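Computation of the quantities below employed the complete heavy-atom set of this structure, encompassing side-chain atoms and omitting hydrogens, waters and symmetry-equivalent molecules. FYI, the numbering just counts along the sequence from 1. Keep in mind that what you see is a predicted model, and the values were worked out from it rather than measured.
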Amino acid sequence: MTAPWRERLGATPGLDGRTLFRVWAPRAPAGRVWAVREGDEERFELEDQGYGVFCGEAPIAAGEDYRLALEADAEPLPDPCSRHQPRGLRGPSRVLDPAAFAWSDEGWVPPPFAEQVIYELHVGTFTAAGTFAAAGEHLSQLAELGIRAVEVMPIADFPGLRGWGYDGVYISAAHRSYGGPEGFAAFVDAAHDAGLAVILDVVYNHVGASGSAALEAFGPYLTDKYKTFWGKAVNFDDAECDGVREWVAQSACGWVRDFHVDGLRLDAIHAFHDLSPTHIVAEISERVHTARPGAVVIAESGFNDARVIRPREVGGWGCDAQWADDFHHSLHALLTHDNDGYYSDYGRVADLAKAYHRPFVYDGQWSPSRRRCFGAPAEDRRAEQFVVFDQNHDQVGNRARGDRLARRIRPLAAFCTLLSPFVPMLFMGEEYGEDAPFQFFTDHIDADIAQATREGRREEFAGFEDFEGELPDPQSAATFERSKLRRQGEPALAELYRRLLRARRSLSGEAEATFDEAARWLRVRREGGEIVCNFSAAPLLVEIGAGQRLVLATDSDTRLEADAAALRVAALSGALIA
């Protein structure tokens, strides 16, 4: 049997100004669903195909707006599979025809993932205009720097006009304030023209509270069986979950197929609650790889479990790569001496030394902050299956004031990250020393949700010993404006990033680390060179091999001694020797 929910859901435009509508709506009260044309409100009843699926053609053309009615006299609602919400979460859906997009990327092949350098950006704050079109104007500069892929923070339609995007509701609709679906397609095309792959951050573990009621009117998209930090979990294994799983899988496939996206980053898969025989992450990976061969699936996973990136044939979930928070935490704690929350588990040079081999510092041993053993070994996975960073939207934006790394430690942080054997990711602006914060901002359309967000933010930081003063109001437009890149930075740091990205290409192979905890130095050998890191507040003298030379240093005070048998490494700095 081919289950009816497996067919293409949503609005599929056809010939002669007609569109095929298919919706999964097992909660339709009378077992009837109508497509409603916006404007004249004419209704077209869809045929019941069983298992809660309703389907039928209606004379509504591509570019026209519509809603779906679940009762004869009820207010019609947006399509759960909407591809465009031109008037926001509670406005009508619009029939989208992806075949009408103008593409010039025929023959495009993304760089191999192992060779990528990823650049994470938030469309709304990356430029003053905050649109796909404005962001596209900077793509050639990123490519010239040595970036090979851009990772776009979530664009699925979310409440209001500004936000991080992690409270999206219509998971297949590019947000209108950024330029909508046509704008996103043009951005992807421009990225490919510049030689950049595009990775899209997608959120399938929960939906924004402002739109949950509309979705749940159609069916059990969410479940009370589990909870997430953000509210109800998406229903991946409870009663009537099949249509929900298909809703998510078709969304993932639509981004890579219709928008030519080269990969997806799955947000917080540790909040995907699923005891099905085939985990939803494994299903998404398989479906995406089938829909667009060569597309990558990257997981943000809090499990420290290589099962996520093992192939399906050996019991894995088939993701191509995953974020590696332990590398960040080890480096951050060393550089900043932060010890709040999860940072209390880190801070030793030994942690970073271990992370250079495989970035699960916790791979089965006791974690003090969790008060349990945590993680599993990842020896069988390749280094290029891990994405590392010294900054990202979470690690900057989830700080009380969204402040970036202090200027003094930025060069060493970049040095450690960009010369690692893993796939590095930069957070927008760090490549030139951007000082604008990236703060937590929202534009909730419901007053009670807006107030709850403010209060939750205050409670989150109430226990932080080093925090004083007022938090930025997430609902204030000023918080959003304050987070826009100013594009003013440090010329010396910008030049260092260029040199590091060039030097990265001369290194290859696994990392072999040695260290001295008391002296706070770390040496990492790779094919093509050796990196030396000094995490102390005093200069460090290290012996070097005969014939080795200084390739680059993060501090001009680093130099070879007169006899060329030792290297004097400045405090809080790094040097590459070969």
Visitor: Just checking, any donor-acceptor pair under 3.5 angstrom between side chains of R245 and S276?
Guide: yes
Visitor: Without hydrogens or angle criteria, can the side chains of S367 and D345 be said to hold a donor-acceptor pair below 3.5 Å?
Guide: yes
Visitor: Would you say Y221 and N235 are linked by a side-chain donor-acceptor pair, where the criterion is simply a distance under 3.5 Å?
Guide: no
Visitor: Determine whether the side chains of Q475 and H444 contain a donor N or O and an acceptor N or O closer than 3.5 Å.
Guide: no
Visitor: Side chains of D237 and K225, heavy atoms from C-beta outward: is any pair under 4.5 Å?
Guide: yes
Visitor: Any side-chain donor paired with an acceptor under 3.5 Å for D262 and W108?
Guide: yes
Visitor: Answer yes if the side chains of D446 and S210 hold a donor-acceptor pair under 3.5 Å, and no otherwise.
Guide: yes
Visitor: Using distance alone, with no hydrogens and no angle criterion, decide if Q395 and Q391 have a side-chain donor and acceptor under 3.5 Å apart.
Guide: no
Visitor: Would you call E283 and R312 a salt bridge, using N to O less than 4.0 angstrom?
Guide: no
Visitor: Where do H122 and Y178 come nearest, in terms of heavy atoms and distance?
Guide: NE2-OH, 3.4 Å
Visitor: Throw together a table of side-chain donor-acceptor distances under 3.5 angstrom for residues 179-191, partners on residues two or more places apart or in other chains.
Guide:
from: D189; atom 1: OD1; to: S104; atom 2: N; distance (Å): 2.9
from: D189; atom 1: OD1; to: S104; atom 2: OG; distance (Å): 3.4
from: D189; atom 1: OD1; to: D105; atom 2: N; distance (Å): 3.3
from: D189; atom 1: OD2; to: S104; atom 2: N; distance (Å): 3.3
from: D189; atom 1: OD2; to: S104; atom 2: OG; distance (Å): 2.8

Visitor: Going by distance alone, is a donor N or O of one side chain under 3.5 Å from an acceptor N or O of the other, for Y166 and H393?
Guide: yes
Visitor: For a 4.5 angstrom cut-off between non-hydrogen side-chain atoms, does E216 reach L222?
Guide: yes
Visitor: Considering residues at least two apart in sequence or located in another chain, which fulfil the side-chain hydrogen bond (donor to acceptor under 3.5 Å, both in side chains) criterion with E42?
Guide: R37
Visitor: With R265 as the cation and W323 as the aromatic partner, state whether NZ or CZ is under 6.0 Å from the six-membered ring centre and within 45° of the axis.
Guide: yes
Visitor: Should the pair E38-R87 be classified as a salt bridge under the 4.0 Å nitrogen-to-oxygen rule?
Guide: yes
